[in-house]
Colleague: 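The structure under discussion is supplied below as structure tokens; questions concerning it will follow.
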Amino acid sequence: MTGVRDGPRRLIEKLPSPEPDVVLRLARLPVTVDDEAGRERFRSLSDQEQQRASRFLRRTDRNEYVLAHWLLRHSLSEGTSVPPRSWDFTEERYGKPRIARRFGDEREFSLSHSAGTCVVAVSARRRVGVDIERLRETEGPRALPRNCLSPGERGRLAALPEERRQAEFIQLWALKEALAKAMGVGLRLPFAEVDFSWRDARPSLGRSAAVPAPEFWTCHCLDAPAGFRAALCVRGARPTTAVPIRGVRET
């Protein structure tokens with residue numbers, strides 16, 4: 001990861017992207033909205049975003065929200081003449097945000113943040129979803145509802161050594177979240193019908209009613225900071241083949 005050090009974007013890190021037409025940016029706490037730089041980040045948000053940020057009771061939650069949306073706006077402004085605060089967004093049927101039509105900008109984007117770490121993916125035109133998750137020491141696959149994993153995924157996780165299950169489960173969860181965001185359905189995606197399997201350390205998204213054309217989707221695990229797992233999913237115009245990925249593997 002390399003940092004972007006020019007002006008207000010000095011907190012932004014560049015993540016290596018496995019897709020040539022997708023830009024990945026990352027920013028991390030601790031930063032605050034209480035100093036001048038923090039107030040500048042706050043002012044770059046829309047009025048609605050500022051109002052929402054002000055409603056957070058916990059300072060850390062407020063700072064993370066401000067940082068995430070500041071990161072998104074500055075990432076979108078890279079290489080354009082549009083000031084970060086000027087961006088407006090519309091929503092698709094299930095809430096996936098898009099750049100307002102008046103900008104004439106066909107880029108797609110996705111935003112995720114967890115435990116003070118924020119990631120943005122910006123795609124030239126393709127559907128894109130990104131997700132980042134903090135590794136949790138005390139929670140594991142049994143801590144989440146059984147309906148978030150397919151039967152095959154539960155079996156493959158159970159076959160792993162105990163010490164690997166937690167990290168591999170979080171990576172699998174990040175993949176599903178990224179896919180749901182890219183599809184624009186969020187938590188409406190029936191996660192138990194989405195099956196990721198691995199053959200020869202390569203991912204394979206199974207065909208199902210939830211994902212009727214899996215060959216059009218490419219998913220990656222990203223180079224996340226220590227203590228996190230992250231994933232990226234993009235849709236192509238033509239079928240793709242699987243690429244190497246770090247995740248749950250056949251044993």
Side-chain angles (χ1 to χ4, degrees), residues 1-33 35-50 52-53 63-92 96-114 116-132 174 177-178 181-182 184 218-225 228 230-237:
M1 291 180 283
T2 59
V4 179
R5 300 297 176 185
D6 56 316
R9 291 192 286 269
R10 62 188 178 277
L11 294 173
I12 300 176
E13 299 176 52
K14 295 181 179 180
L15 287 180
S17 177
E19 295 289 331
D21 62 335
V22 176
V23 173
L24 296 170
R25 296 290 184 263
L26 178 143
R28 290 182 277 186
L29 294 176
V31 294
T32 175
V33 297
D35 58 14
E36 182 53 39
R39 287 188 286 273
E40 179 182 350
R41 287 189 292 273
F42 184 83
R43 289 192 294 268
S44 73
L45 307 188
S46 68
D47 291 342
Q48 184 178 9
E49 289 168 341
Q50 291 179 10
R52 182 174 180 184
N63 289 347
E64 182 176 316
Y65 177 87
V66 171
L67 181 65
H69 290 266
W70 168 85
L71 174 64
L72 171 62
R73 289 175 171 277
H74 275 274
S75 297
L76 290 176
S77 290
E78 286 186 24
T80 78
S81 60
V82 181
R85 195 179 193 278
S86 296
W87 293 107
D88 287 329
F89 307 106
T90 59
E91 290 186 351
E92 296 178 356
K96 181 177 175 63
R98 299 181 64 90
I99 297 172
R101 185 174 298 179
R102 68 182 180 87
F103 291 96
D105 192 323
E106 297 183 350
R107 288 179 298 170
E108 302 248 0
F109 64 87
S110 182
L111 169 65
S112 180
H113 52 95
S114 175
T117 298
C118 311
V119 176
V120 165
V122 181
S123 166
R125 291 181 181 224
R126 293 192 290 163
R127 302 285 290 187
V128 64
V130 71
D131 190 65
I132 188 164
E177 286 272 14
K181 291 178 179 181
T218 301
C219 295
H220 304 271
C221 291
L222 299 178
D223 183 16
F228 291 84
L232 173 76
C233 287
V234 293
R235 180 177 171 87

Colleague: Are the side chain of Ser123 and the backbone N or O of Arg126 linked by a donor-acceptor pair below 3.5 Å?
Modeller: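 Side chain of Ser123 to backbone of Arg126, a donor-acceptor pair under 3.5 Å: yes, one is there.
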Colleague: Answer yes or no: is there a donor N or O on one side and an acceptor on the other, between the side chain of Ser112 and the main chain of Ile132, under 3.5 Å?
Modeller: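 Pair found, side chain donor or acceptor close to backbone of Ile132.
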Colleague: With no hydrogens and no angle check, is any side-chain donor or acceptor of Arg85 less than 3.5 Å from a backbone partner on Ser44?
Modeller: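 Such a contact is absent between Arg85 side chain and Ser44 backbone.
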Colleague: Who passes salt bridge (Lys or Arg N to Asp or Glu O under 4.0 Å) against Arg52, sequence neighbours left out?
Modeller: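 Partners of Arg52 under the salt bridge (Lys or Arg N to Asp or Glu O under 4.0 Å) test: none.
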Colleague: Return yes if some donor-acceptor pair links the side-chain N/O of Glu64 with the main-chain N/O of Gly116 below 3.5 Å, else return no.
Modeller: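 Checking the backbone N and O of Gly116 against the side chain of Glu64, a donor-acceptor pair under 3.5 Å is found.
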Colleague: Using 4.0 Å as the upper bound for N to carboxylate O, is an ion pair formed by Glu36 and Arg39?
Modeller: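 So Arg39 pairs with Glu36 through a salt bridge.
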Colleague: Hey, is the main chain of Ser46 close enough, under 3.5 Å, to the side chain of Glu49 for a donor-acceptor pair?
Modeller: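 Side chain of Glu49 to backbone of Ser46, a donor-acceptor pair under 3.5 Å: yes, one is there.
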Colleague: Start with the C-alpha distance between Trp87 and Ser77, add both sets of side-chain angles, then the distance that settles side-chain hydrogen bond (donor to acceptor under 3.5 Å, both in side chains), and finish with yes or no.
Modeller: CA-CA 9 Å; Trp87 293 107; Ser77 290; 2.9 Å; yes
Colleague: Using the ring-ring contact (aromatic ring centres under 6.0 Å, His included) criterion, which residues pair with Tyr65? Sequence neighbours excluded.
Modeller: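 Result, ring-ring contact (aromatic ring centres under 6.0 Å, His included) vs Tyr65: Phe56, His69.
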Colleague: Main chain of Ala182, side chain of Lys96: is a donor-acceptor contact present, judged purely on distance under 3.5 Å?
Modeller: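 Not a single qualifying donor-acceptor pair exists.
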Colleague: Between Phe103 and Phe89, does a ring pair (Phe, Tyr, Trp, His ring centres under 6.0 Å) hold up when you go through it step by step?
Modeller: CA-CA 10 Å; Phe103 291 96; Phe89 307 106; 8.0 Å; no
Colleague: Backbone N or O of Leu45 within a donor-acceptor pair of the Gln50 side chain at under 3.5 Å?
Modeller: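 It does hold such a pair.
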Colleague: Would you say the side-chain atoms of Arg107 pair up with the backbone N or O of Val122, donor to acceptor, closer than 3.5 Å?
Modeller: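 No: the side chain of Arg107 does not pair with the backbone of Val122.
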